[in-house]
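So that the names make sense, note that chain A is the first sequence line, chain B the second, and so on, each numbered from 1.
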Amino acid sequence: MLREGVKPNMFTYSSVLRACDGLSNLRQLHSSIMKYGLESDTFVRSALIDIYSKLGELQNALHVFHEMVTGDSVVWNSIIGAFAQHSDGDEALNIYKSMKREGFPTDQSTLTSVLRACTSLSLLELGLQIHVHVLKFNQDLILNNALLDMYCKCGSLEDANFIFSRMVEKDVISWSIMIAGLAQNGFSLEALNLFKSMKVFGPKPNYITILGVLFACSHAGLVNEGWYYFQSMKKLFGIDPGREHYGCIIDLLGRAGKLDDAVKLIHEMKCEPDAVTWRALLGACRVHRNLDLAIYSAKQILKLDPEDAGTYVLLSNIYANSQRWEDVAEVRKTMRGRGVRKEPGCSWIEVNKQIHAFILRDNSHPQIHEINRKLSQFIHTLIGVGYVPDTNFVLQDLEGEQRADSLQYHSEKLAIVFGIMSISREKTIRIWKNLRICGDCHAFAKLITKIENRHIVIRDPVRYHHFKDGVCSCGDYW
DNA sequence: CTAGGGTTAG
């Protein structure tokens with residue numbers, strides 16, 4: 001077209017941009033758009049933002065956005081969607097606020113991205129407010145899916161079940177969200193029952209649906225059922241097991257103590273095992289105290305992911321527990337040499353629309369003294385009813401948090417105590433954290449729900465724990 | 001009578 005001297009217009013570019021497959025490609029297109037003076041067209045602009053975002057170039061996307069003189073809702077939606085999809089919920093919400101301030105109307109697409117931002121930040125309160133706006137629109141499948149996912153990820157299964165039952169149209173994504181959501185929140189049997197009704201009433205399951213099903217089996221310890229689905233997924237649903245399915249099954253076998261079978265399966269995998277695969281095995285080694293295999297798995301992880309701080313810490317603790325001090329020193333040296341630092345444990349809780357963060361060894365919270373005093377009282381009371389601070393794990397300090405001297409100050413304990421102090425009794429205390437919960441905090445949370453008669457939900461990077469009446473929805477299996 | 005934005009796992 002250019003060779004023949006035909007001048008491209010905005011229609012041309014908004015179509016061609018969608019076919020763009022790389023950054024150098026895109027830069028060329030962008031500069032010729034500027035040359036023809038077409039960058040002010042809203043269609044071209046939203047396409048540019050979209051493509052920069054798909055290539056992970058968020059700063060460039062933002063740059064295009066900020067040069068906007070005349071815009072429309074779609075351009076705003078593009079930039080909000082870009083940040084929401086790249087897990088920068090904060091920025092997505094900030095831009096959403098500006099959009100409203102400047103008087104642009106909100107539509108289904110805007111709300112979908114805003115809900116996704118709420119999901120990644122675990123902002124249930126804001127999500128509930130957005131839900132009110134959702135009701136102004138006719139039922140919209142994608143928007144409902146985002147709402148459903150928000151409730152699942154924020155640990156509010158009552159709301160999720162309600163939305164799911166009321167959706168007039170459900171696709172494979174709706175079913176997959178609900179199945180995985182139930183499984184992650186500890187309702188494995190409900191997840192499997194839902195999958196059974198999906199087979200009768202719903203669409204054909206896909207790759208991700210099966211992952212949710214295997215996840216449910218693994219977290220409920222249903223070895224036979226999980227193994228059956230894994231073995232027959234190709235025949236029943238026409239889906240070849242991928243790396244993630246193997247990961248779930250290795251987790252399933254490993255948790256059940258079948259470490260040899262798990263190792264055997266890793267060697268039989270059709271795709272190359274990755275760090276996630278080995279981490280599943282390592283988790284099982286930790287639970288079942290298999291030191292040699294733990295060391296082996298940790299080394300495999302570090303080959304594939306040399307920056308994984310948690311694995312270094314774990315490996316060095318494994319050596320320490322076997323009095324292999326030279327190996328301990330070696331691991332610490334490698335870690336320092338590669339500039340890897342362990343992430344401190346951090347927990348967040350939303351109180352009166354304010355996020356409060358508790359970071360290990362950080363005392364900047366204004367009420368930290370009161371919280372610590374209260375925490376000591378609780379620990380004292382709990383010891384009276386049989387709580388034993390668990391400072392004696394064989395493989396301690398999994399993520400840099402589980403040290404005996406700091407056990408009391410684990411961020412989730414502080415967040416729980418703060419929640420009890422500041423959230424009214426009938427409301428659920430909801431906490432989310434960056435690392436997995438440790439055995440001691442888990443025991444602490446269970447007992448405190450009993451003596452205080454509270455409901456606590458803790459979301460960690462992998463799953464959710466619903467504590468009530470002294471028990472946890474995970475059945476102490478995580 | 002040719003263009004644009006939104007949802008699931010890891």
Side-chain angles (χ1 to χ4, degrees), chain A residues 8-19 33 38 41-54 61 64-65 71-85 87 92 95-96 99 104-120 130 134 137 140-153 160 163-164 167 169-184 198 203 205-216 218 239 242-248 251 271 274-277 279-280 305 461-463:
Chain A
N9 65 9
M10 52 276 243
F11 291 96
T12 325
Y13 281 111
S14 58
S15 305
V16 170
L17 278 170
R18 305 185 62 187
I33 286 167
L38 295 171
D41 181 76
T42 53
F43 283 79
V44 173
R45 190 181 297 276
S46 61
L48 271 173
I49 292 173
D50 193 38
I51 300 299
Y52 272 123
S53 150
K54 286 200 169 89
V64 171
F65 175 76
D72 66 1
S73 293
V74 178
V75 180
W76 284 92
N77 289 345
S78 299
I79 193 70
I80 293 171
F83 283 100
Q85 282 160 37
S87 319
I95 301 175
Y96 171 61
M99 179 184 184
F104 286 91
T106 294
D107 66 11
Q108 291 96 320
S109 171
T110 328
L111 295 181
T112 304
S113 295
V114 171
L115 281 170
R116 183 163 169 165
C118 294
T119 306
S120 64
I130 300 298
V134 168
F137 295 97
D140 178 293
L141 178 60
I142 298 180
L143 180 52
N144 277 336
N145 283 345
L147 188 62
L148 186 64
D149 192 42
M150 185 276 294
Y151 281 127
C152 286
K153 296 276 165 47
I163 297 293
F164 189 76
M167 281 169 69
E169 189 192 355
K170 301 184 185 86
D171 65 359
V172 64
I173 295 181
S174 327
W175 289 85
S176 304
I177 291 169
M178 197 65 220
I179 291 169
L182 286 165
Q184 284 172 323
M198 179 180 181
N206 68 10
Y207 186 97
I208 293 169
T209 320
I210 307 297
L211 268 182
V213 172
L214 296 182
F215 191 83
S218 131
I239 299 156
R243 206 180 261 135
E244 287 121 320
H245 297 105
Y246 276 100
C248 276
D251 190 60
C271 35
D274 65 357
V276 179
T277 318
R279 236 176 257 131
D305 185 1
V462 181
R463 59 172 304 129

>> Pairs counted only when both distances fall under 3.5 Å, Watson-Crick or G-U: show me the 5' to 3' dot-bracket for DNA chain B, [ ] for pseudoknotted crossings and | for other-strand partners.
In response: ..........
>> So, does A:Arg116 get its side chain near the phosphate of B:dT8, meaning an N or O under 4.0 Å from OP1 or OP2?
In response: yes
> Of the candidate nucleotides B:dG6, B:dT8, B:dT2, which contains the atom at the shortest distance from the side chain of A:Asp50?
Replying inline: B:dG6
> Donor-acceptor pair under 3.5 Å: do we get one between A:Asp107's side chain and the base of B:dG6?
Replying inline: no
> Of the candidate nucleotides B:dT7, B:dG10, B:dG4, which contains the atom at the shortest distance from the side chain of A:Glu244?
Replying inline: B:dG10
> Think A:Lys54 has a side-chain N or O under 4.0 angstrom from the OP1 or OP2 of B:dG4?
Replying inline: no
> Where the side chain of A:Ser120 meets the backbone of A:Ser87, is there a donor-acceptor pair that is under 3.5 Å apart?
Replying inline: no
> What is the nucleic acid contact for A:Ser174, judged by heavy atoms within less than 4.0 Å: base, sugar-phosphate only, or nothing?
Replying inline: nothing
> When you measure from the side chain of A:Ile142, which nucleotide among B:dT8, B:dG4, B:dT7 comes out closest?
Replying inline: B:dT7
>> Quick check: any donor-acceptor pair below 3.5 Å linking the side-chain of A:Asp72 to the base of B:dG4?
In response: yes
> Sequence neighbours excluded, which residues qualify as ring pair (Phe, Tyr, Trp, His ring centres under 6.0 Å) partners of A:Trp175?
Replying inline: A:Phe164
>> Tell me whether the ring of A:Phe43 lies stacked over the B:dA3 base, given a 5.5 Å limit on centroids and a 30° limit on the plane angle.
In response: yes
> Closest to the A:Ile208 side chain: B:dA3, B:dG4, B:dA9?
Replying inline: B:dA9
> Where the side chain of A:Lys153 is defined as all heavy atoms beyond and including C-beta, which of B:dA9, B:dT7, B:dG4 is the nearest nucleotide?
Replying inline: B:dA9
> Nearest heavy-atom pair of A:Ser73 and A:Phe104: which atoms, and what distance?
Replying inline: N-CD2, 4.0 Å
> Among B:dT7, B:dA3, B:dG6, which nucleotide sits nearest the side chain of A:Gln108?
Replying inline: B:dG6
> Considering only side-chain heavy atoms of A:Val276, which listed nucleotide, B:dT7, B:dG10, B:dA9, is closest?
Replying inline: B:dG10
